[in-house]
Amino acid sequence: MKKLFAMMMTALMVFVLAACGGSNEAQNESGSDNGGSGEVKTIRAGIGLNDQHPQFKGLLKFKEIVEEKTNGAIVVEAYHSGQLGDDRTMTEALQLGTQEVTIPSTAPLANFVPEFSVFDFPFLFPNEEVADKVLDGEVGQGFLQKLESQNLVGLSYWENGFRDVTNSERAIATVEDFKGLKLRTMENDLHLEAFRALGANPTPMAFTELFTAMQQGTVDGQENPYATIYLQKFYEVQDHVSNSHHIYSPFVFLMSKSFYDGLTEEQQQIVKEAAVEAGQYERELNREANEQYLADLQAEGMTYTEISPEEREKMVELVKPVIDKYAEKIGKDVVDEVYNAVEEASK
Ligand code: TK8
């Protein structure tokens with residue numbers, strides 16, 4: 001009797017397993033028209049900014065394009081506000097293969113590939129159009145190749161934008177006004193030294209900690225594009241904003257190399273094109289609203305102070321030794337290549 005029961009149980013288990021296997025097969029079959037192996041691949045994509053920022057809207061565009069073009073064989077989960085970490089920790093997660101996509105600023109990325117600091121040289125890019133040409137052209141694309149040795153694949157450049165300074169101490173109209181200000185910078189030595197050269201007292205910090213640091217007065221101020229200052233509600237904890245426009249910050253769309261290598265060639269093509277197309281969209285959104293964000297900041301009670309072209313010239317002079325130092329560090333050839341491309345694109 002016991003034996004019969006055991007046999008029946010075995011038969012039942014075999015049946016259950018077969019049934020499960022069958023339903024898996026059915027899933028595989030419906031998946032097989034979307035890319036080969038039939039297994040659905042998931043991209044966990046995380047960014048630092050919140051869901052109101054063009055960076056997140058661009059990420060949703062990427063999701064839409066990829067899911068549509070792969071017929072759902074690749075699914076994109078989009079996370080904002082540093083839910084998966086800050087720029088540095090998410091980039092590390094890509095290297096480890098525990099996250100698939102992130103879109104950091106070039107400044108923290110330079111901790112992985114030092115050459116990227118050149119794009120953060122103060123006053124390098126005169127305007128967005130020149131930045132587009134250099135980054136999307138041969139030089140910028142060549143930089144993306146340098147990421148491979150770090151287990152990262154760079155698919156395109158997006159835009160963070162021209163950075164402008166805010167603080168709660170005083171209006172900044174002249175270089176002297178930077179004196180002694182406790183400014184948060186990104187985690188990048190060049191940024192740190194550039195602000196020291198301007199007379200400020202800078203502290204590097206992850207973006208995810210910035211709001212609280214300003215709220216608690218650990219820092220007096222920070223610098224970011226108007227979009228970030230407005231959409232992240234920095235006006236709640238900052239009183240003054242100036243058009244310092246000291247650095248143009250690109251974003252780099254990164255994918256984990258181990259994940260990318262596991263895609264079919266067709267899928268690699270799709271994610272590459274989607275990263276470019278979504279980046280164009282993100283840049284457009286970012287530029288369209290830029291002046292409006294400045295008006296919105298004033299409407300929220302911030303004081304706007306202009307830095308005159310003459311004062312900006314003084315800033316240029318003060319940061320020159322820092323640029324020279326980093327040009328030496330990065331390598332003259334690489335830096336010259338970038339400056340030549342900027343000159344060419346400015347014609
Ligand atoms: C968002 C960051 C941020 C950057 C910074 O992840 O840290 O200030 O400008 O926007 O990349």
Side-chain angles (χ1 to χ4, degrees), residues 44-59 62 78-94 99 101-113 116-117 119-122 125 128 131 135 152 154 156-167 182-192 194-195 200 202-215 218-235 237-238 241 244-254 279 282-283 285-286 289-290 293:
R44 279 155 302 176
I47 58 162
L49 294 163
N50 68 20
D51 60 350
Q52 300 304 303
H53 195 281
Q55 192 188 31
F56 192 68
K57 297 186 173 153
L59 184 54
F62 173 79
Y79 298 92
H80 55 83
S81 306
Q83 286 166 320
L84 299 185
D86 57 54
D87 282 350
R88 189 170 50 77
T89 53
M90 288 193 286
T91 305
E92 283 165 1
L94 261 59
Q99 184 181 327
V101 161
T102 189
I103 318 173
S105 296
T106 44
L109 188 58
N111 295 312
F112 299 83
V113 178
F116 270 94
S117 266
F119 294 133
D120 286 69
F121 278 9
F125 291 118
E128 287 96 345
L135 298 170
L152 300 166
S156 64
Y157 292 94
W158 291 23
E159 175 173 277
N160 192 350
F162 280 100
R163 305 182 75 87
D164 293 297
V165 65
T166 69
N167 80 100
K182 277 186 279 168
L183 284 185
R184 172 270 178 176
T185 68
M186 290 187 280
E187 296 173 287
N188 175 293
D189 290 346
L190 165 71
H191 278 250
L192 205 61
F195 279 99
T203 316
M205 189 184 291
F207 185 75
T208 41
E209 292 164 36
L210 176 55
F211 191 92
T212 312
M214 292 189 288
Q215 194 169 39
T218 321
V219 294
D220 301 321
Q222 63 86 47
E223 39 85 57
N224 254 299
Y226 297 142
T228 297
I229 302 167
Y230 179 69
L231 298 170
Q232 300 280 149
K233 298 192 190 306
F234 286 0
Y235 52 79
V237 290
Q238 296 280 276
V241 56
S244 50
H245 272 49
H246 48 280
I247 286 169
Y248 176 85
S249 254
F251 282 136
V252 184
F253 190 103
L254 295 179
E282 188 263 356
R283 281 171 174 171
L285 287 183
N286 209 39
N290 205 36
Y293 292 136

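All values below were derived from every heavy atom in this structure, side-chain atoms included, with hydrogens, water molecules and symmetry-related copies excluded. Just follow the structure's listing: the first ligand is 1, and inside any ligand the first atom is 1.
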Exercise. Does the N or O separation between T228 and ligand 1 drop below 3.5 Å for any pair?
Worked result: no
Exercise. How about Y248 and E159: does a side-chain donor come under 3.5 Å of a side-chain acceptor?
Worked result: yes
Exercise. What are the atoms of ligand 1, with element, lying closer than 4.0 Å to any heavy atom of F251?
Worked result: 11 (O)
Problem set entry | Criterion side chain to side chain contact (heavy atoms under 4.5 Å, CB included) on D86 and F207, from CA distance to verdict | CA-CA 7 Å; D86 57 54; F207 185 75; 5.7 Å; no
Exercise. Under 4.0 Å from any heavy atom of R163, which atoms of ligand 1 are there?
Worked result: 5 (C), 8 (O), 9 (O)
Seminar exercise, completed: For S105, the ligand 1 atoms with a heavy-atom partner under 4.0 Å come out as 2 (C), 4 (C), 9 (O), 11 (O)
Exercise. Quick check: does Q55 get an N/O under 3.5 Å from an N/O on ligand 1?
Worked result: no
Problem set entry | Check: N160 N/O within less than 3.5 Å of ligand 1 N/O | yes
Problem set entry | side chain to side chain contact (heavy atoms under 4.5 Å, CB included) partner of R184, chosen from T218, T203, L210, D220 | L210
Problem set entry | N50 side chain vs L231 backbone, donor-acceptor pair below 3.5 Å | yes
For this session: Give a yes/no on ligand 1: does L49 have at least one heavy atom closer than 4.0 angstrom to it?
Result: yes
For this session: Would you tell me which option among T208, I103, D87 has the nearest heavy-atom contact to atom 11 (O) of ligand 1?
Result: D87
Exercise. Taking T102 for the side chain and G46 for the main chain, is one N or O donor matched with an acceptor at less than 3.5 Å?
Worked result: yes
Exercise. Where the closest heavy atom to atom 5 (C) of ligand 1 is concerned, which of R184, Q232, M205 has it?
Worked result: R184
Exercise. Hey, are R163 and E223 close enough for a salt bridge, meaning a charged N less than 4.0 Å from a carboxylate O?
Worked result: yes
Exercise. Which protein heavy atom lies closest to atom 3 (C) of ligand 1, and at what distance to 0.1 Å?
Worked result: F207 CD1, 3.7 Å
Exercise. Okay, side chain of Q238, backbone of N167: is any donor-acceptor separation there less than 3.5 Å?
Worked result: yes
